[in-house]
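First up is the structure itself, then whatever we jot down about it.
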Amino acid sequence: MAHRTIAPLLSIIPGLGQFYNKQWVKGLVFLILAAAFFIAFGDLLNMGFWGLFTLGTEVPRDNSIFLLAEGIIALIVTAFGLGIYYWNLKDAYKNGKLRDENFPVTSLKSEYQNLIAQGYPYLVSGPSLFLLIFAVIFPILFSFALAFTNYDLYHSPPANLADWVGLETFAEIFTVDIWRATFFDVLAWTVIWTVVASTLQVSLGIFIAIVVNQKEVRFKRFFRTILVLPWAVPGFVTILIFAGLFNDSFGAINNDILAFFGIDPVPWMTDETWSRLALILMQGWLGFPYIFIVTTGVLQSIPDDLYEAATIDGASIFAKFKNITLPMIFIAMAPIIITQFTFNFNNFNIIYLFNGGGPAVAGSTAGGTDILVSWIYKLTMQSSQYSLAAALTILLSIFVVGIALWQFRRTNSFKEGA
Amino acid sequence: MKKFKKYFGLMSGVALSLSLAACGPQDDAKEGGDTKEADKPKELLVWEDVMKGEGIKDAIAKFEKEHDVKVTMVEKQYTKQIEDLRLDGPAGTGPDVLTMPSDQIGTAVTEGLIKELDVDKDTQEIYTEAAMNAQKVNGKVYGLPKAVETTMLYYNKDLISEDQLPETLDEWYEYSKGVADGKKFGFLALFDQIYYANSVLSGYGGYIFGQDDEGNYDPKDIGINNEGAIEGAKYIQKFYKEGLFPAGIVGEQGISVIESLFTEGKATAIISGPWNVEPFTKAGVNWGVQKLPALSNGKNMSAFVGVKSYNVSSYSKNAELAEEFVEFIANEENSKKRYEITKEVPAVAALANDPVVTESEVAKAVAEQSKFSVLMPNIPQMNEVWAPADSALQTIATGKAEPKAALDQAVETIEGQIEAKHSGK
């Protein structure tokens, strides 16, 4: 048999293949690593996988939720372990192949230099990857897993165990009448809200930036400072103040501004349509300064010679705007604009602080301005429907991730970078 | 390289099946550590409400001396303690004794977070019946009452003198008609929320959940759309329709609007709870309190009575001692002392006539109102009531729906939610 077959086969027990290739130190390292892995994580893996499969069998000894968390950590640790195991097998195979072809096996020194030269980027990003796995991947896996359990008030530790129920929770969203109707109502408004509010804030920001950036405008710094102010005030403060201004009976907007023009008071807080309008206007106010700043930066980086050349060619102001300014802005800003959309899709603060998702809508479990996130929040807080909330979160993420991916792939700004 | 991939797939399959076969419930090692507990000196961890710790300090010192234990007290917001218990309990850092509002007891019992207490009849009898009932789930006792809260009528003494005060809601309605001009208002209440509106609805015969003879709630019997409740809702709607209640106090921001109207002297009287005693005093309002006015059918407006309680965590390692502590801290003597310091009205029946309580206007109003109060249902199904009921009342207040239609709709939603979330368990 060829060395390239024997070495990896021996390496099923890590290190033995390396010994076979006469790489004693490396083999020892792999062997020790493997032993250490099982000694250090043996208990965790044992409990974790058992917990992950059963979610506990006995109350009050077993806490399903902790077992689930432990199980996921065990999965992550296993993935690490398999990664190193793969490396061990691959190394045995590679050196076996070298021996088959009568090349000398790589020396420890050259291997080390190789690792430092090629693996340097990985080495440097390692710690942050590690953090990322436990701060981002782990919670995602955890809430993902929750959606497939029946974890709710009646399946909470310590009195009860939760159990795997597969897609039941998802099915419920679409079969229970009060949820199905609400889900689609809320989804529809969420989409409208995302599109209209984001478009408003983006176009407002770009428009104002272009206006202020005109050569003829004086006191540019002054205008810029003024226009950035809405961004300087913490968002939640602005929202709460606006909530006061929009109050139906006592707010300044009805009592002073609209009254001045002789317009009757508008039911901003108690009528669904007006509440939605108020929210969109507020988001425009809150969101435009950021776009304004970024656009200003982009505008200043467009070389003047482009415009000069266009002028010589006899292009009109409008043609210059359409063919030079706008494309330049969009190329540079596409990622930012997309993030504005995904941000608004999940813009919990403004919805919750302005009117708590209200006004109430007859026969619905969500208020008239509730978007998916705020509805999920209400569901979870109201009656401990954790698995339902997790399932909705997954649906929501699929939506956001899908749109974002599709958009990112369509824009030029990322293709060129890659 | 392709060949290698094949090997790897095979090998990892072998490895995986090996590792799976190895794991199982061999976790007996976890147990058995408990035997050592007895030798250790006993300790109790008590979670008390924020700013209320001062009230039980002396009692703790006494308890420590009598039982030779160490009691540590930590202050935490009492409505949130159940959330912390969910995590701290299993982690072993949870309290032995905690405090919570009684409407959370049903949820806590369902989850198994708090322990049943073995309290004898004599001890139970020192508390008012309503307060003690709030501690029971299916006839079993899960806590002892610490304090009671009800809503009451605050009025501004600068705008109306005590002997001019209307005694019925009808009279307040007439009074408001004379005062309300869009800037100033007479009587105001957050009747777009079931917590407050229930005062009217239940006075006319509405109820949230029906009860059997033993006081157990029946989540299938919802009474917020019965005839009485609809009559009450119509009565409420009148206030909004005629502009006596401005639209600006409807909805999420309503509570802050109504409170600032009162502190600015733009509202003569509002319905609120004891939690506003300090803010109103600080705002410099010359306020007085009274029980809620009577309804047109002669009955007094009721109010939800909220009972705060001391409970024992089911994670407690010294459950017996913790139970003893709860009984001790909630006894008459300590309740009185606690009241003197924290001003939370105690639930001990004998204290209702004690001069320390009767001398205080707030305590008197709470005590009087308690006579007409209904207990907030403590079953988990209550969680499904708040949002739909509030929505219905809000649409009634804004005139978007007729009382009957709105309340029927609310009951349908509540029933649907109970069916979806609380059935078949």
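Just so we're on the same page: letters track the sequence lines, and every chain starts at 1. Since we're looking at a predicted model, the values are computed, not measured.
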Review point. Do A/Phe246 and B/Gln253 come within less than 4.5 Å of each other through their side chains, counting heavy atoms only?
Key: no

Review point. For B/Ala392, is it the side chain, the backbone, both or neither that has a heavy atom under 4.5 Å from a heavy atom of chain A?
Key: neither

Check your understanding: Checking B/Thr398 against chain A: side chain, backbone, both or neither under 4.5 Å from a heavy atom?
Key -> side chain

Check your understanding: Is it the side chain or the backbone of A/Leu353 that comes within 4.5 Å of chain B heavy atoms, both, or neither?
Key -> backbone

Exercise for review: Against chain B, label A/Asp271 side chain, backbone, both or neither, depending on which of its atoms sit under 4.5 Å from a heavy atom there.
Suggested key: both

Check your understanding: Rounded to the nearest 0.5 Å, how far apart are CD1 of B/Ile249 and CZ of A/Phe250?
Key -> 7.0 Å

Review point. Measuring heavy-atom distances to chain B, does A/Asn247 have an atom under 4.5 Å in its side chain, in its backbone, in both, or in neither?
Key: side chain

Check your understanding: What distance separates B/Phe245 CZ from A/Ser249 OG, expressed to the nearest 0.5 Å?
Key -> 12.5 Å

**Study point:** Atom group of B/Leu393 that falls short of 4.5 Å from chain A, counting heavy atoms
**Key:** neither

Practice item. Against chain B, work out which of A/Gly251, A/Gly48, A/Gly356, A/Gly51 has the most heavy-atom pairs shorter than 4.5 Å and name it. Key: A/Gly356

Review point. If you count the non-hydrogen atoms of other residues, nucleotides and ligands that lie under 6.0 Å from OH in B/Tyr217, is the total more than 12?
Key: yes

Study note, to complete from the structure: Separation between CG (A/Asn160) and OG1 (B/Thr110), nearest 0.5 Å, reads 8.5 Å

Point to revise | Other residues, nucleotides, ligands: >12 heavy atoms within 6.0 Å of B/Lys404 NZ | key: no

**Study point:** Flag if over 12 foreign heavy atoms under 6.0 Å of CD, B/Gln77
**Key:** yes

Point to revise | Full working for side-chain contact (heavy atoms from CB on, under 4.5 Å) between B/Glu419 and A/Val176 | key: CA-CA 9 Å; B/Glu419 166 77 30; A/Val176 175; over 6 Å; no

Check your understanding: Is it the backbone or the side chain of A/Trp268 that comes under 4.5 Å from a heavy atom of chain B, or both, or neither?
Key -> neither

Practice item. Using the side chain to side chain contact (heavy atoms under 4.5 Å, CB included) rule, pick out the option among A/Ser156, A/Pro157, A/Pro158 that qualifies with B/Leu113. Key: A/Pro158

Check your understanding: So, do A/Ile65 and B/Arg86 sit near enough that their side-chain heavy atoms are less than 4.5 Å apart?
Key -> no

Check your understanding: CH2 of A/Trp274: more than 12 outside heavy atoms within 6.0 angstrom?
Key -> no

Practice item. Begin from the C-alpha positions of A/Asp248 and B/Val250 and carry the test side-chain contact (heavy atoms from CB on, under 4.5 Å) through to its verdict. Key: CA-CA 9 Å; A/Asp248 288 6; B/Val250 175; over 6 Å; no

Review point. Are more than 12 heavy atoms from other residues, nucleotides or ligands located less than 6.0 Å from atom CG of A/Asp163?
Key: yes

Review point. Can you tell me if CZ on A/Phe348 sees more than 12 non-hydrogen neighbours from other groups inside 6.0 Å?
Key: yes

Exercise for review: Measure B/Pro90 against the heavy atoms of chain A and call it side chain, backbone, both or neither at under 4.5 Å.
Suggested key: both

Point to revise | Nearest-0.5 Å distance, NE2 of residue A/His155 to CD of residue B/Glu111 | key: 12.0 Å

Exercise for review: Working to the nearest 0.5 Å, report the span between CG of B/Asp192 and OG1 of A/Thr270.
Suggested key: 10.5 Å

Review point. Any idea which heavy atoms bring B/Ala91 and A/Phe66 closest together, and the distance?
Key: N-CE1, 4.5 Å

